[in-house]
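The block underneath contains the structure these notes are about, expressed in structure tokens.
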Amino acid sequence: MVDPTTFRDVMAQWPSGVTIVTTLSGDGAWHGMTASSFSSVSLEPPLVSICLSKNLYSHQLIAESGIFGVNVLAKDQTDVGRRFAGMDPGVEDRFAGETWTTAATGVPLLDSGLGWFDCRVVHAYPGGDHTIFVGEVLAGHAARRSAPLLFHSRGWGQFADVLPDVATLADGGVVAGLAAAGLANEAAHLATSVAHAGARVRVADLSAAATLEQASALVPRTMPLEVASVVVTDRAQADLVLGLGVGTAELVLDPTDPVDVERVLAAVDGIAERCAVHLTDPFAADRVDAVLSAVQRLGRAKVLEIGLPDTAGSATPLQVRALLQEAVALARPTPLRLGLHDRDRLGLVKAITALKSGVRHFDSTLGGLGGAVATEDLIRLLEEVDVDTPVDTSALLDLARDLRSRHDETTPTTFTQTPTAPALAGEPEIVGATG
């Protein structure tokens with residue numbers, strides 16, 4: 001038989017989540033302890049199990065009361081886990097400083113955790129020096145979306161940031177930049193080349209089109225439209241461009257406007273899998289709750305992707321990290337696409353931050369037109385960190401070198417927006433490239 005030290009050392013290599021198990025004493029007093037030996041047992045009926053040492057006071061209380069709660073901790077709740085593990089001996093009231101609720105059994109349930117189960121004991125099995133309590137789940141609540149707190153090798157931690165194997169690129173500004181400079185023919189040619197290289201390219205913005213005929217005239221016919229996107233304002237325009245063979249219809253949504261949210265959801269109904277929706281100014285501190293709510297609703301609507309443009313590069317890497325850690329989970333399985341701008345030369349830093357936060361799709365612009373992160377710079381970054389991209393990177397790099405050689409970087413092109421045309425936040429208005 002294995003000796004206890006070896007057993008503990010091997011078990012320490014098994015990572016587990018961290019929970020707070022709560023219960024009540026006979027006089028109704030609250031009690032709780034940190035536990036990692038928690039598991040699901042059954043879906044029908046909903047059953048979970050916890051394993052507690054027979055030497056614990058909480059074991060005695062649960063055996064007597066027949067009730068317990070399981071509270072799943074988030075990555076930022078190490079202090080809570082340590083407190084309920086008795087690792088802060090100066091603490092007199094472990095429950096102080098947190099908000100708690102009660103459900104069917106009356107045990108305390110942690111509001112700030114990732115979620116909780118309220119349980120009634122239905123079985124208690126001997127397990128050596130532990131008892132395996134099986135509880136019927138009477139109530140449950142998923143409180144928030146974040147990474148869990150983990151326990152591994154006798155230490156507290158969280159999931160390491162893992163870079164993806166593949167990231168996709170889309171060009172959201174090269175057509176706009178060149179066309180606004182009076183180079184519509186060149187824009188059309190370059191857009192075609194970008195599309196042939198495998199990157200989606202935004203070729204038109206129909207915001208200012210008064211009629212469907214005008215909108216139709218703005219959509220080029222001289223390139224592979226299946227890898228193109230067009231910004232539209234309503235369902236009629238979306239149906240038009242998709243009917244012409246455009247791969248993606250892009251809509252812009254103000255997440256703080258409930259009417260606009262309903263408008264866009266209605267517009268994508270039935271065609272959501274071919275629609276990308278971009279949220280205006282998503283990283284502003286006073287818009288976070290509205291952004292997360294919109295992300296969740298768009299994810300449920302199963303749109304093709306949700307765009308989060310870094311408006312004029314105003315977001316800090318910490319703001320990007322904070323929003324994406326919540327938004328990626330809320331959107332799942334709908335992917336997020338980060339629109340990258342390069343104010344203060346931090347665009348690539350934010351790209352790495354996004355990659356580590358679970359984002360796999362990016363908007364950049366060939367040559368860095370309009371202040372966007374240059375597609376060629378993003379390609380080099382991805383290559384350096386061994387992230388593949390399903391585009392012809394050599395072709396895109398050649399296009400970028402050619403573009404830079406023909407346009408003096410020291411005199412950057414300036415772009416203007418038509419006041420009545422709601423172009424994507426922080427991006428130039430896109431005009432037709434008819435070639």
(message) Let's go through Thr280 and Arg287 carefully: what are the C-alpha distance in whole Å and the side-chain angles of both, what is the deciding distance for side chain to side chain donor-acceptor pair (under 3.5 Å) to 0.1 Å, and is it a yes or a no?
(response) CA-CA 10 Å; Thr280 59; Arg287 298 165 71 90; 3.0 Å; yes

(message) For Thr248 and Ser229: C-alpha separation, side-chain torsions, deciding distance, then whether side chain to side chain donor-acceptor pair (under 3.5 Å) applies.
(response) CA-CA 5 Å; Thr248 305; Ser229 68; over 6 Å; no

(message) Walk me through whether Thr365 and Asp171 qualify under side-chain contact (heavy atoms from CB on, under 4.5 Å).
(response) CA-CA 5 Å; Thr365 297; Asp171 193 309; 3.9 Å; yes

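Here the CZ atom belonging to Arg360 is positioned 10.5 Å from the CG atom belonging to Leu336, to the nearest 0.5 angstrom. Taken from CZ in Arg274 to CG in Asp239, the straight-line distance is 9.5 Å, to the nearest 0.5 Å. Going from atom CZ of Arg82 over to atom CG of Leu73 covers 13.0 Å, rounded to the nearest 0.5 Å.
Remark: the backbone N or O of Arg343 is not paired with any side-chain donor or acceptor of Arg345 at under 3.5 angstrom. Not one N or O on the side chain of Arg337 forms a donor-acceptor pair closer than 3.5 Å with the backbone of Pro335. Between the Arg202 side chain and the Val230 main chain, no donor and acceptor come within less than 3.5 Å of each other. Checked by atom type and distance alone, the side chain of Asp88 never pairs as donor or acceptor with a backbone atom of Gly90 at under 3.5 Å. Judged by distance alone, with hydrogens and angles left aside, the side-chain atoms of Gln237 form a donor-acceptor pair with the main-chain N or O of Leu206 at under 3.5 Å. The main-chain N or O of Gly81 is found under 3.5 Å from a side-chain atom of Thr34 such that the two form a donor-acceptor pair.
Crowding of Glu384 atom CD: a count of heavy atoms from other residues, nucleotides or ligands under 6.0 Å not exceeding 12.
Aromatic ring centres of Phe95 and Phe84: separated by under 6.0 Å.
Listed by first and then second residue, the salt bridge (Lys or Arg N to Asp or Glu O under 4.0 Å) pairs involving residues 293-302 are Glu262-Arg297 (not counting sequence neighbours).
Evaluation of the ring pair (Phe, Tyr, Trp, His ring centres under 6.0 Å) rule for Phe151 yields Trp156 as partners, not counting sequence neighbours.
Scanning all heavy atoms of the two residues, the minimum distance from Leu240 to Ala215 falls at CD2-CB, 3.8 Å.
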